[in-house]
Amino acid sequence: MNSTYTDPILDWYAANARDLPWRAPDATPWGVLISEIMLQQTPVVRVLPVWRAWTERWPTPAALAAEPSGEAVRAWGRLGYPRRALRLHESARAITDRHGGEVPSSHADLLALPGIGSYTAAAVASFAFRQRHAVLDTNVRRVLARLVSGEEYPPKAQTKAEVALAEGLLPLDPPTAARWAVAVMELGALVCTARTPRCVDCPVLAQCTWHLKGRPAYDGPPRRGQTYTGTDRQCRGRLLAVLRDADGPVEKPALDVVWSDAPQRERALDALIADGLVDPLDDGRYTLPT
DNA sequence: CAGACGTGGTA
DNA sequence: TTACCAAGTCT
């Protein structure tokens, strides 16, 4: 489906793509999968060093599967949302047990793995296996909202109309569709950014509905909310950091000192245990899962 | 389906 | 300084 956007954006990508290691010719599907999980809600610059450490230490799913899940949580460092590390570890075991150690290439098989949703399944199938899928992440949703819909931001929740639009724009040839998918995403990441878009550098400015309308300001409901300080999330982060930074099991008082609100602290610790991020020992100490 | 789930950089 | 934002998923 030849769109007026396709060629300019593909050309722009050829000239401006970042040189990211998970895009290198020698990157494996496993490396791509790791990058996609790490990049969920996390900026590229923070992912880079952790991705290198992971792929060097665990070059295959089987290598990670052979370790206790706590090692994945520890090596996750401060990327945030550590349940992702747990799920990546679970995925490594599932891939080893059920897929002969090879990352599956089908969207359905990928989707069945823990921590992999609609976006990540499409991204891995497209980036690692050069298949034709609509890869709809926050960048692409924003680009299409501006380019086609003429809105500064996409709706809060993804709509069927957005999926239909993205599929309609997809080039028919699978390898070209895969290049298109990463190219639109890159345009959103580098040019068509959320806060201050660099429209002067945009290859499709002349075809941008939002620009043609004079870049009207977003008028919908407030975009965010959600303070972080004082939340259970912050408390969980503090608790887990103690365990990550310790060599072995820690005594309870070592956890108590990082959060003064005792009821909240106990609740957060219980939740971490329920999530499988922390193991309580019989002797009263706590540790990352072994 | 709205809210939970980490962390750090930037305007 | 506060608030938003960064390649989402799960319940």
Side-chain angles (χ1 to χ4, degrees), chain A residues 13 17-18 20-23 27 31-51 73 76-88 90-91 110-128 133-144 152-159 162 166 178 181-190 192-197 218 221-244 258-259 264 267-268 271-272 274-278:
Chain A
Y13 182 73
R18 286 170 293 180
L20 302 172
W22 44 86
R23 290 180 184 163
V32 172
L33 174 54
I34 293 174
S35 78
E36 288 304 330
I37 301 294
M38 289 184 171
L39 287 164
Q40 291 170 1
Q41 304 289 285
T42 309
V44 166
V45 284
R46 284 174 41 211
V47 165
L48 243 17
V50 185
W51 183 88
V73 174
W76 196 251
R78 303 189 66 78
L79 285 184
Y81 293 148
R83 289 190 292 195
R84 292 182 292 169
L86 227 39
R87 291 179 177 143
L88 196 40
E90 291 173 41
S91 283
L110 288 163
L111 197 54
L113 295 171
I116 297 189
S118 167
Y119 160 75
T120 303
V124 173
S126 179
F127 303 159
H133 293 279
V135 181
L136 212 47
D137 78 325
T138 187
N139 287 305
V140 176
R141 295 184 63 220
R142 186 177 55 249
V143 171
L144 297 187
E152 183 175 19
Y153 296 118
K156 194 171 197 78
Q158 184 176 305
T159 65
E162 289 182 273
V182 72
V184 185
M185 202 178 305
E186 189 76 335
L187 185 66
L190 298 184
C192 197
T193 55
R195 220 83 69 90
T196 313
Y218 176 78
R223 310 254 322 136
R224 265 292 198 272
Q226 199 64 16
T227 41
Y228 177 62
T229 306
T231 61
D232 285 10
R233 278 153 81 179
Q234 185 185 30
C235 181
R236 289 165 56 108
R238 292 262 187 91
L239 260 17
L240 201 57
V242 172
L243 296 175
R244 242 188 356 243
V258 300
W259 200 263
Q264 185 179 27
R267 167 160 36 98
L272 286 170
D275 284 348
L277 286 163
V278 173

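Chain A is the first sequence line, chain B the second, and so forth, proteins listed ahead of strands; every chain is numbered from 1.
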Contact class for [X] (heavy atom, under 4.0 Å): base, sugar-phosphate, or nothing?
X	value
A:Phe127	nothing
A:Arg87	sugar-phosphate
A:Thr120	sugar-phosphate
A:Ala123	nothing
A:Arg236	sugar-phosphate
A:Thr138	sugar-phosphate
A:Gly80	base
A:Leu240	nothing
A:Trp76	nothing
A:Leu86	nothing

Given C:dA7, B:dT7, B:dC5, which nucleotide is nearest the side-chain atoms of A:Arg18?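 The answer is C:dA7, which lies nearest to the side chain.
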- Message: If we ignore hydrogens and angles and just use 3.5 Å, is the side chain of A:Arg84 paired with the main-chain N or O of A:Gln40 as donor and acceptor?
- Response: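 Answer holds: yes.
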Can you work out whether A:Gln40 or A:Arg195 has the more 5'-proximal nearest nucleotide on DNA chain B?
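The residue mapped nearer the 5' terminus is A:Gln40.
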(Q) Using heavy-atom distances to pick each residue's nearest nucleotide on DNA chain B, tell me which of A:Pro43 and A:Asp232 is more 5'. (A)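 The answer here is A:Asp232.
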Provide, to the nearest angstrom, the distance between the [atom1] atom belonging to [X] and the [atom2] atom belonging to [N].
X	N	atom1	atom2	result
A:Arg84	C:dG8	CZ	P	9 Å
A:Asp275	C:dT9	CG	P	18 Å
A:Arg238	B:dG6	CZ	C1'	12 Å

Minimum-distance pair of heavy atoms, taken over all atoms of A:Val140 and A:Val135:
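Between these two residues, the closest heavy atoms are CG2-O, 3.4 Å.
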Please report the distance separating the C1' of C:dA7 from the corresponding atom of B:dA2, rounded so that it comes out in whole Å.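 Each nucleotide's C1' atom is 22 Å from the other's.
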- Item | Same-atom distance (P) from C:dT9 to B:dG8, integer angstrom |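 It comes out at 23 Å once rounded to the nearest Å.
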Quiz item: Taking OP1 and OP2 of C:dG8, is either one under 4.0 Å from a side-chain nitrogen or oxygen of A:Gln41?
Solution: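 True: A:Gln41 side-chain N/O within range (under 4.0 Å) of C:dG8 OP1/OP2.
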